[in-house]
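Count residues from 1 along the sequence. Because only heavy atoms are used, hydrogens play no part in the values below, and waters and symmetry mates are left out as well, while side chains stay in. Just follow the structure's listing: the first ligand is 1, and inside any ligand the first atom is 1.
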Amino acid sequence: MSKEALAVPATGPLAPALYKDAPELTPRLGNRDLFGGLEPLVYMNHAGISPPSVCVRKAVTTLLTDYGKKGASAYPTWAAQRARLRDKLAWLIGAPGATSIALTLNTTRGISDVALCFDWKPGDRVVLFSGEFPANVTPWQQAAGTFGVEVVMLDGRRFPTDEAGVLADLEATLEQGRVRLVAASYVQFQTGYRLPLADIGKLCHAHGARLFVDAVQGLGMVSLDVQAFGVDFVACGAHKWLMGTEGAGFLYASPEAVPLLTPRVAGWLSHDDAATFLFEGPDLLRHDRPIRTDIGFLEGANLSAMSFAALEASLDLILRLGLEEVFEHVQKVNDAIEGPAKELGFRSLRSENPERRSGSLCLLPPEGVDVIALQREIVRQGVACATPDGYLRFSPHWPNAVDEADQVVLTLEHALGVVRA
Ligand SMILES: Cc1ncc(COP(=O)(O)O)c(C=O)c1O
């Protein structure tokens, strides 16, 4: 996507809502003033859970205060807020419109709903990748067992070292036929490697398969253009790179993919005109209303209103800073850690190719160093990071200053000394 395409709209329905007249709530790259109270000296675990900014907290408080004052009468305001959020999410991923977005509880819920609703035929095949976060495996395995579908597991762990090899394996598998869907993560959670979605999408479509993407390790940090990349479904949660809270996420389905879903998961709000019986008089309570034909049928009941207020506030900050600017800033932070870390004997999993990079910098410690003991020591010294799948992962975001990298490097050196002693 071009820089202009990613620039935050200054006016209109996508313009940031909360902060127009509040300079104290203006985000600045490399400045964590909006994260008052955050305890770690350096916070680099946004790929795990992002701390909520003051703006996120304010959005949630505003919602609760409104409901506290008005009760049910507050509902329309926040339903409108969610409509605005759907617009912004559609814009974020280049979706054709808000009707292709359903708000969900989390990434997993979006994956499970598609896995259960897809029009599987016995003997169909679904392609998964080893090394995936289980959220993008378990629902497909469950659906496979239920609908008589064969799971084909390709060696996705090879992506960072042999992308062409994995793509060749995928093509060979697709050529064998019967593959209906390929499920992949945009960014691998343990290596930070950004998958070549456009290539995967092209292969899928050339062989009549659909591409499902778990985007939770990417969105909020790297751009995604579902139409350009040929992505049919996207599931994403709010609490990582989008910097919202747990309990919110969204699902995208392309207009061509929605008809492939049978509403096996549906609730009272899945119907056309579902709520008229509550507000528009007698004789409207019916149990034969058709199920909505857009992906919104999966929003079958009341949602976590607070979490979606939070998500819009966090997304507004990112859009306001500019996605591309945020990505470039975070690469500077990671550059400043990666070089010295290599000198200390760490192996970096970060790609040389910026198009394969994400916000995560994942390292393997020098031979013989226990990664768990090392990470505990690093955290004890005030640097928040994680060890998914045994990799040491630093995941800075826009509030991290480039000079925080110095602290991280000092801490790495010191922690190595402690663990080796
Ligand atoms: C790639 C990936 N997918 C899914 C999840 C789980 O997300 P959720 O809890 O939103 O379902 C995680 C991490 O928690 C992840 O790293």
Side-chain angles (χ1 to χ4, degrees), residues 44-52 56 85 89 92-93 101-116 126-143 153-154 156-157 159-160 181-197 200 211-222 224 231 233-252 265 298-299 303-304 306-308 310-311 314-315 349 356-362 384-397:
M44 293 201 183
N45 194 13
H46 298 91
I49 295 182
S50 276
V56 166
L85 175 62
L89 292 169
L92 179 72
I93 62 169
I101 302 287
L103 300 180
T104 60
L105 260 180
N106 46 42
T107 321
T108 304
R109 187 73 252 166
I111 301 173
S112 305
D113 284 351
V114 172
L116 286 175
V126 58
V127 173
L128 312 178
F129 292 97
S130 64
E132 281 279 311
F133 197 88
N136 201 19
V137 174
T138 312
W140 305 112
Q141 290 173 322
Q142 294 305 106
M153 185 71 86
L154 298 183
R157 286 189 180 274
F159 265 119
L181 187 139
V182 174
S185 281
Y186 191 12
V187 171
Q188 292 186 320
F189 75 102
Q190 70 281 67
T191 65
Y193 191 78
R194 181 165 22 145
L195 264 55
L197 283 190
I200 298 176
L211 175 57
F212 187 105
V213 174
D214 168 347
V216 74
Q217 286 296 350
L219 291 182
M221 177 54 59
V222 292
L224 172 60
V231 175
F233 299 100
V234 174
C236 189
H239 62 284
K240 297 181 185 290
W241 298 97
L242 288 170
M243 303 182 86
T245 61
E246 294 147 279
F250 74 94
L251 177 68
Y252 160 76
V265 178
L298 286 170
E299 290 183 18
L303 299 161
S304 171
M306 287 179 291
S307 308
F308 292 109
L311 175 55
S314 62
L315 179 59
L349 278 293
R356 296 289 172 269
R357 288 179 174 176
S358 62
S360 287
L361 171 63
C362 301
C385 59
T387 54
D389 200 21
Y391 292 75
L392 184 63
R393 184 181 69 194
F394 294 95
S395 47
H397 210 319

Run down the list Gln190, Arg109, Glu132, His239 and name the one with the heavy atom closest to atom 9 (O) of ligand 1.
His239

Check Leu128 against Asn136 and note the closest heavy-atom contact, atom names and distance.
CD2-O, 4.1 Å

Could you check atom 11 (O) of ligand 1 against the protein and tell me its nearest heavy-atom contact, residue, atom and distance included?
Thr108 OG1, 2.5 Å

Protein contact of atom 14 (O) of ligand 1 - nearest heavy atom, named by residue and atom, plus distance
Lys240 NZ, 2.9 Å

Please indicate whether any nitrogen or oxygen in Ser185 is less than 3.5 Å from any nitrogen or oxygen in ligand 1.
no

Within a distance under 4.0 Å of any heavy atom of Ala135, pick out the atoms of ligand 1 and give their elements.
4 (C)

Flag side-chain contact, heavy atom, 4.5 Å: His46 against Met243
yes

Gln190 side-chain N/O to Gly390 backbone N/O, donor-acceptor pair under 3.5 Å
no

So the atoms of ligand 1 within less than 4.0 Å of a heavy atom of Phe189 turn out to be 16 (O)

Looking only at heavy atoms, is any part of Thr107 under 4.0 Å from ligand 1, and if so is it the side chain, the backbone, or both, or is it neither?
both

Is there a side-chain contact between Arg393 and Phe189 in this structure, where contact means two heavy atoms from C-beta onward sitting under 4.5 Å apart?
yes

Contact with ligand 1 for Asn136, non-hydrogen, under 4.0 angstrom:
no

Do Cys236 and Leu242 have side-chain heavy atoms sitting under 4.5 Å apart?
yes

Do me a favour and list the nearest non-hydrogen protein atom to atom 3 (N) of ligand 1 with residue, atom name and distance?
Asp214 OD2, 2.5 Å

Looking at side-chain heavy atoms only, is the closest gap between Glu132 and Met153 below 4.5 Å?
no

Of all protein heavy atoms, the one nearest atom 6 (C) of ligand 1 is Phe133 CE2, 3.6 Å

Protein heavy-atom partner closest to atom 16 (O) of ligand 1 - residue, atom, separation in Å:
Gln217 NE2, 2.9 Å

Out of Trp140, Tyr252, Tyr186, which one pairs with Phe212 under the ring-ring contact (aromatic ring centres under 6.0 Å, His included) rule?
Trp140

Name the orientation class of the two ring planes belonging to His397 and Trp241 (parallel below 30°, tilted from 30 to 60°, perpendicular beyond 60°).
tilted

